[in-house]
Amino acid sequence: MPELPEVETTCCGIAPHVEGACVQEVKVRNAKLRWPVTRGLNAKLSGETLLRVSRRAKYILLHFEQGYIVIHLGMSGSLRVMDSAETAEKHDHVDICFASGKCLRLNDPRRFGAVFWVKGDEQQLQKHKLFNALGPEPLSDEFDGKLLYQRSRNRKSAVKNFIMDGHIVVGVGNIYANEALFMAGISPLRAAGKISAFRYERLTECIKQVLAAAIKQGGTTLRDFVGGDGKPGYFKQELHVYGRAGQACTRCKQTLTEVRIGQRSSVYCKACQR
DNA sequence: ACGGCCTCCTGACGGC
DNA sequence: TGCCGTCAGGAGGCCG
């Protein structure tokens, strides 16, 4: 499941191959993604230059003169740069083909992903319903312990849900929420409003650390995002709790506990996390 | 404003 | 071998 590090790595991986490229054709084989793929993309973008690739939260932004193609990978999506002539396989839903003969191809088995057009400049994008209420980027200076502390006052929800709420901070998915809470020694079940400023400082640092480590590791797998051989692999970062329910805590050896918080699997150590 | 649940979808997996 | 039920999971939408 693409988490922020995979999305970031995808952006970095594709950017050198598509920035400055001229769109020849946009092929939509299946428009039924999370939302219908914007109609008329081919007519709108043929002949236009892809100016820049960037990212906001887990949305990948392809900048054009008149607006943005916004891509979300959902749970199972991947983007690769390949020859346009390469036969499309099952779940290859959208191609953005360039005059160079290369294309950007979206594969998404579960179709929780999205491809849509937002007209206008950056200000217009910011005003978009999906972007106007987003919290800061987790790796930015704007995201700090003070912010988490202040915004969590009087909140009764579990801290794990709190840090996964994109209105508070973007890009913290299930895997890294679990890992950061383990690293910070905080129970995922603890009420967000009952955590001290001191512990939020620590949690903030842990979130930044796990994400930065994963992104750094992603840099070594950049080649996976280019070419037709297989699908991009996600990072096999050493995980301390996620997916390890029933196994021994790497710190104290006690058996890790699994609970469901907000329909999501959460694994933690009852001894190390309070 | 907040919290909790629902929904989209398919591959993987377990049971028989 | 095959069929069927079950489940995960990002995150917006909706309801109370």
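Scope of the values below: all heavy atoms of this structure, side chains included, with no hydrogens, waters or symmetry mates. Chain identifiers are assigned alphabetically (A, B, ...) following the order of the sequence lines, protein sequences preceding nucleic acid strands; residue numbering begins at 1 within each chain.
Side-chain contact of A:Asp144 with A:Thr204: a donor-acceptor pair under 3.5 Å is absent, judged by distance alone. A:Asn174 and A:Lys160 are linked by a side-chain donor-acceptor pair at a separation below 3.5 angstrom, with hydrogens and angles left out of the test.
Heavy-atom neighbours of A:Asn132 CG from other residues, nucleotides or ligands within 6.0 Å: above the threshold of 12.
A:Ser266 has its side chain within reach of A:Asn178: a pair of non-hydrogen atoms, C-beta onward, lies under 4.5 Å apart.
The shortest distance between the side-chain N/O atoms of A:Arg260 and the OP1/OP2 oxygens of C:dA8 is below 4.0 Å. One finds no side-chain N or O of A:His91 lying less than 4.0 angstrom from the OP1 or OP2 phosphate oxygen of B:dT10. For A:Arg110, no side-chain nitrogen or oxygen approaches OP1 or OP2 of B:dG11 to under 4.0 Å. Here A:Arg264 reaches the OP1 or OP2 of C:dG10: one of its side-chain N or O atoms lies under 4.0 Å away. Contact between the side-chain N/O atoms of A:Lys90 and the OP1/OP2 oxygens of B:dG11 is found at a separation under 4.0 Å. Side-chain nitrogen and oxygen atoms of A:Tyr59 include at least one within less than 4.0 Å of the OP1 or OP2 phosphate oxygen of C:dG12. Residue A:Ser265 places no side-chain N or O under 4.0 Å from the OP1 or OP2 atom of C:dA8. Side-chain N/O atoms of A:Lys58 include one lying less than 4.0 angstrom from OP1 or OP2 on C:dA11.
In this structure, A:Gln263 places its CD atom 12 Å from C1' of C:dG10, rounding to the nearest Å. If you take CZ of A:Arg34 and P of B:dT10, they are 15 Å apart, rounded to a whole angstrom. Rounded to a whole Å, the CH2 atom of A:Trp35 is 6 Å from the P atom of C:dG13. Across the protein-nucleic acid pair, A:Lys160 atom NZ and C:dG10 atom P stand 9 Å apart, rounded to whole Å. Regarding A:Glu89, its CD atom lies at a distance of 17 Å from the P atom of B:dT10, rounded to whole Å. Atom P of nucleotide C:dA11 and atom OH of A:Tyr176 are separated by 14 Å, given to the nearest angstrom. A straight line from CG of A:Leu73 to P of C:dG9 spans 17 Å, rounded to a whole angstrom. Taking atom CE of A:Met164 as the reference point, atom P of B:dG4 lies 14 Å away to the nearest angstrom.
Note on A:Leu130: only backbone sugar-phosphate atoms sit closer than 4.0 angstrom, heavy atoms only; bases stay farther off. A:Asn174 comes within 4.0 angstrom of sugar-phosphate atoms only, judged by non-hydrogen atoms across all strands, and of no base. Backbone-only engagement by A:Tyr242 is indicated by non-hydrogen atom pairs under 4.0 Å involving sugar-phosphate atoms exclusively.
Judged by ring centres under 5.5 Å apart and planes tilted less than 30 degrees, A:Phe112 fails to stack against the six-membered base ring of C:dA11.
A pairwise comparison of heavy atoms in A:Arg110 and A:Met75 identifies NH1-CE, 3.8 Å as the closest pair.
Using a 30° and 60° split on the angle between ring planes, A:Tyr59 and A:Phe131 fall in the tilted class, from 30° to 60°.
A distance-only check finds no donor-acceptor pair linking the side chain of A:Lys44 to the backbone of A:Gln66 [under 3.5 Å].
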side-chain hydrogen bond (donor to acceptor under 3.5 Å, both in side chains) between A:Ser46 and A:Glu25: does it pass, once the steps are laid out?
CA-CA 5 Å; A:Ser46 292; A:Glu25 185 184 9; over 6 Å; no

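The rotation axes computed at either terminus of the helix from B:dC2-C:dG16 to B:dC16-C:dG2 lie 40° apart, taking five pairs at each end and rounding to 10 degrees.
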